[in-house]
Amino acid sequence: MWQVPFLLLLVIGTVLIIRQQRSMPYQHEEGFVFGTVYSVTYQYDRSLKAEIEAALAEVDGEFSMFNEKSTVARHNRGEQVQQSKMYKEVYDLAQVVTRETDGAFDITVAPLVNAWGFGFKKKGGEEGAGTPTPQQVDSLLKIRNQFDFSAIAKGYGSDVVARLLRSFDIRNFMVEIGGEVVTQGISQRRLPWKIGVTKPSDDSLSTSGELQTVLNVTDIAMATSGNYRNFYYKGGQKFAHTIDPKTGYPVQHSLLSATVLAKSCATADAYATSFMVLGLEGAKKVLDRHPELMAYFIFARPDGSYDVWFSPTLKEKIED
């Protein structure tokens with residue numbers, strides 16, 4: 001008969017834990033990192049902003065192209081650097097995505113990104129941001145001794161903060177760094193987290209913010225890459241920031257935005273950039289080989305109108 005009171009105590013304990021979790025407040029932190037804004041919402045009894053910013057500072061110290069003391073900046077100056085566990089983790093993942101996308105993702109594209117005015121030496125649109133000659137592009141294609149982790153670092157930063165929150169046994173949270181998101185559990189409204197996919201527009205400052213769709217997502221990571229976010233016009237021609245590592249030139253195709261959902265945000269981030277290089281049909285071929293990934297693409301039709309394509313497994317997550 002001892003089982004009856006034991007089970008009763010177990011039920012009461014479970015109810016008390018659930019009530020305690022429901023009454024625990026949601027914290028919200030914001031700040032600036034990696035040249036963009038971060039936002040973290042999580043259910044916990046106190047603020048963890050200091051811990052969050054310390055974790056982000058560690059990532060910045062490894063991968064920031066604008067931090068002169070970062071590991072990647074020192075490498076790019078030709079200094080001898082020792083790879084940390086964090087640096088090796090991201091480097092190894094980058095090599096995997098490079099292999100799986102047949103070179104569409106390539107962290108050695110830094111000299112070309114700089115040459116087109118989008119890298120760490122100068123930004124697109126600034127006076128003097130030049131367009132390289134064909135001879136210069138050919139030469140830079142042969143010199144690939146500098147790294148650019150920009151297409152994976154923000155996603156990895158979101159992963160690092162998510163790991164930090166889990167280490168405090170936090171079950172409900174959303175981490176977002178410049179559009180790269182990791183979610184777990186439920187929101188303060190006791191519902192799955194809702195993440196918007198922005199409609200493409202020639203708005204480099206992202207002031208319009210009109211949404212194409214909203215996804216109900218939880219326990220997953222999501223990243224978006226789009227040429228409508230970072231570009232400049234020169235001589236009446238538009239130059240987008242996505243550089244094809246094989247040709248050395250900015251990509252020119254119908255795919256305007258690639259949103260990828262994956263287990264880790266670094267993975268989603270890297271594949272989203274890869275898909276912008278590959279274009280719609282090339283991206284679909286990669287997805288056929290990787291059913292663990294889900295994607296939502298916005299592309300332009302010949303008449304200039306927008307259309308969408310998304311993974312069949314993503315359909316149930318799209319909010320009507």
Problem set entry | Lys/Arg-Asp/Glu bridge criterion (N-O < 4.0 Å) met for Arg74, Glu62 | no
Problem set entry | Sidechain N-carboxylate O distance under 4.0 Å for Lys263, Glu292 | no
Exercise. Linking I/L/V/M/F/W/Y whenever their side-chain heavy atoms sit closer than 4.5 Å, directly or via other members, would Val260 and Val96 fall into one cluster?
Worked result: no
For this session: Take Met276 and Val251 through the test side chain to side chain contact (heavy atoms under 4.5 Å, CB included) and record every step on the way to the result.
Result: CA-CA 8 Å; Met276 290 304 302; Val251 297; 5.6 Å; no
Problem set entry | Validation row: Gln184, Arg166 side chains within 4.5 angstrom (heavy atoms) | yes
For this session: Go through the steps for Tyr91 and Phe147 under the test ring pair (Phe, Tyr, Trp, His ring centres under 6.0 Å), then give the verdict.
Result: CA-CA 10 Å; Tyr91 179 87; Phe147 293 160; 5.8 Å; yes
Problem set entry | Nearest heavy atoms of Pro245 and Val109, plus distance in Å | CA-CG2, 4.3 Å
For this session: I would like to know whether Thr71 and His75 meet side chain to side chain contact (heavy atoms under 4.5 Å, CB included); could you show each step before the answer?
Result: CA-CA 6 Å; Thr71 302; His75 167 84; 5.6 Å; no
Problem set entry | Cationic N near anionic O, under 4.0 Å, Lys199 to Glu210 | yes
Exercise. With distance as the sole test, does Ser64 use its side chain to make a donor-acceptor pair with the main-chain N or O of Gly61 at under 3.5 Å?
Worked result: no
Problem set entry | Salt-bridge present (Asp106, Lys246; N to O < 4.0 Å) | no
Exercise. Okay, side chain of Arg289, backbone of Glu100: is any donor-acceptor separation there less than 3.5 Å?
Worked result: yes
Exercise. With distance as the sole test, does Asp244 use its side chain to make a donor-acceptor pair with the main-chain N or O of Pro250 at under 3.5 Å?
Worked result: no
Exercise. Looking only at atom types and distance, does a side-chain atom of Tyr249 sit under 3.5 Å from a main-chain N or O of Ile243, one as donor and one as acceptor?
Worked result: no
Exercise. Does the Ser139 side chain pair with the main chain of Gln135, one donor and one acceptor, at a distance under 3.5 Å?
Worked result: no
Problem set entry | Check: Asn216/Lys194 side-chain N/O donor and acceptor closer than 3.5 Å | yes
For this session: Might you confirm whether atom CD of Glu316 has over 12 heavy atoms from other residues, nucleotides or ligands at distances under 6.0 Å?
Result: no
For this session: Taking all non-hydrogen atoms of both residues into account, name the closest pair between Ser311 and Leu287 and its distance.
Result: OG-CD1, 4.3 Å
Problem set entry | Verdict with reasoning, Gln146 to Asn76, per side chain to side chain donor-acceptor pair (under 3.5 Å) | CA-CA 5 Å; Gln146 290 185 323; Asn76 288 346; 5.0 Å; no
Exercise. Hey, is the main chain of Ala110 close enough, under 3.5 Å, to the side chain of Asp148 for a donor-acceptor pair?
Worked result: no
Exercise. Any chain of hydrophobic side-chain contacts (each under 4.5 Å) joining Trp309 to Leu255?
Worked result: yes
Problem set entry | Contact summary for Val182 and Ala221, nearest pair of heavy atoms | CG2-CB, 4.1 Å
Problem set entry | Atom pair OG1/CG of Thr98 and Leu93 - distance to nearest 0.5 Å | 9.0 Å
Exercise. Between Val37 and Met174, is there a shared hydrophobic cluster once you connect ILVMFWY residues whose side-chain heavy atoms come closer than 4.5 Å?
Worked result: no
Problem set entry | Rounded distance [0.5 Å steps], CG in Leu293 versus CG in Asp288 | 11.5 Å
For this session: Decide yes or no on side chain to side chain contact (heavy atoms under 4.5 Å, CB included) for Gln43 and Gln27, but give the supporting numbers first.
Result: CA-CA 6 Å; Gln43 189 179 27; Gln27 311 289 339; over 6 Å; no
Problem set entry | Whether Ser70 side chain and Ala73 backbone form a donor-acceptor pair below 3.5 Å | yes
Seminar exercise, completed: Here the pair of heavy atoms bringing Ala55 nearest to Leu164 is CB-CD2, 4.5 Å
Exercise. Could you give the distance from OG1 (Thr133) to CG (Asp138), rounded to the nearest 0.5 Å?
Worked result: 8.5 Å
Exercise. Looking at Phe299 versus His253, is the centre-to-centre ring distance below 6.0 Å?
Worked result: no
Exercise. Counting only N and O atoms by type, is there a donor-acceptor contact under 3.5 Å from the side chain of Arg301 to the main-chain atoms of Ser254?
Worked result: no
For this session: Using side-chain contact (heavy atoms from CB on, under 4.5 Å) as the criterion, point out the one residue from Thr224, Thr198, Val308 that pairs with Ser257.
Result: Thr224
For this session: Would you please indicate yes or no on a ring centroid separation below 6.0 angstrom for Phe275 and Phe297?
Result: yes
Exercise. Can Val181 be reached from Ile318 by stepping across I, L, V, M, F, W or Y side chains whose heavy atoms are under 4.5 Å apart?
Worked result: yes
Exercise. Below 4.0 angstrom, N of the basic side chain to O of the carboxylate: do Arg163 and Glu58 qualify?
Worked result: no
Exercise. Would Ile195 and Val214 satisfy side chain to side chain contact (heavy atoms under 4.5 Å, CB included), going step by step from the backbone distance to the final call?
Worked result: CA-CA 6 Å; Ile195 311 296; Val214 175; over 6 Å; no
Exercise. Quick one: does Asn114's side chain get under 4.5 Å of Leu140's, heavy atoms only?
Worked result: no
Problem set entry | is_close_aromatic(Phe173, Tyr42), centroid dist under 6.0 Å | no
Exercise. Does the side chain of Ser158 come within less than 4.5 Å of Glu176's, by heavy atoms?
Worked result: no
Problem set entry | Exam field: side chain Lys49 to backbone Glu30, donor-acceptor pair closer than 3.5 Å | yes
Exercise. So do Thr218 and Ile186 actually touch side chain to side chain, heavy atoms under 4.5 Å?
Worked result: no
Exercise. With side chains defined as the heavy atoms from C-beta onward, is the minimum distance between Tyr38 and Val175 less than 4.5 Å?
Worked result: no
For this session: Look up atom SG in Cys265 and atom CD1 in Ile177, then write down how far apart they are to the nearest 0.5 Å.
Result: 8.0 Å
Problem set entry | Interatomic distance, Thr213 atom OG1 to Leu314 atom CG [nearest 0.5 angstrom] | 8.5 Å
Exercise. Do Tyr156 and Phe34 have ring centroids that are under 6.0 Å from one another?
Worked result: no
Exercise. If you measure from OH on Tyr87 to CD on Gln82, what distance do you get to the nearest 0.5 Å?
Worked result: 12.5 Å
Exercise. For Thr273 and Ala151, which heavy atoms make the closest approach, and how far apart are they?
Worked result: OG1-CB, 3.4 Å
Exercise. Does CZ belonging to Arg46 count more than 12 external heavy atoms closer than 6.0 Å?
Worked result: yes
Exercise. With a 4.5 Å heavy-atom cut-off, do Met294 and Lys317 have their side chains touching?
Worked result: yes
Exercise. In terms of ring plane angle, is the pair Tyr44 and Phe168 parallel, tilted or perpendicular, where the classes change at 30° and 60°?
Worked result: perpendicular
For this session: Decide whether Ile52 and Met86 are clustered together by the hydrophobic rule: side chain heavy atoms of Ile, Leu, Val, Met, Phe, Trp, Tyr closer than 4.5 Å, transitively.
Result: yes
Seminar exercise, completed: Here the pair of heavy atoms bringing Asp269 nearest to Glu180 is OD1-OE2, 3.3 Å
Exercise. Can you tell if the side chain of Ile170 reaches within under 4.5 Å of the side chain of Leu48, non-hydrogen atoms only?
Worked result: yes
Exercise. Quick one: does Phe105's side chain get under 4.5 Å of Ile152's, heavy atoms only?
Worked result: yes
Problem set entry | Backbone of Pro200 reached by a side-chain donor or acceptor of Tyr306 within 3.5 Å | yes
For this session: Output, in order, the C-alpha distance, side-chain angles, deciding distance and verdict of side chain to side chain donor-acceptor pair (under 3.5 Å) for Ser47 and Glu29.
Result: CA-CA 8 Å; Ser47 170; Glu29 319 291 359; 2.7 Å; yes
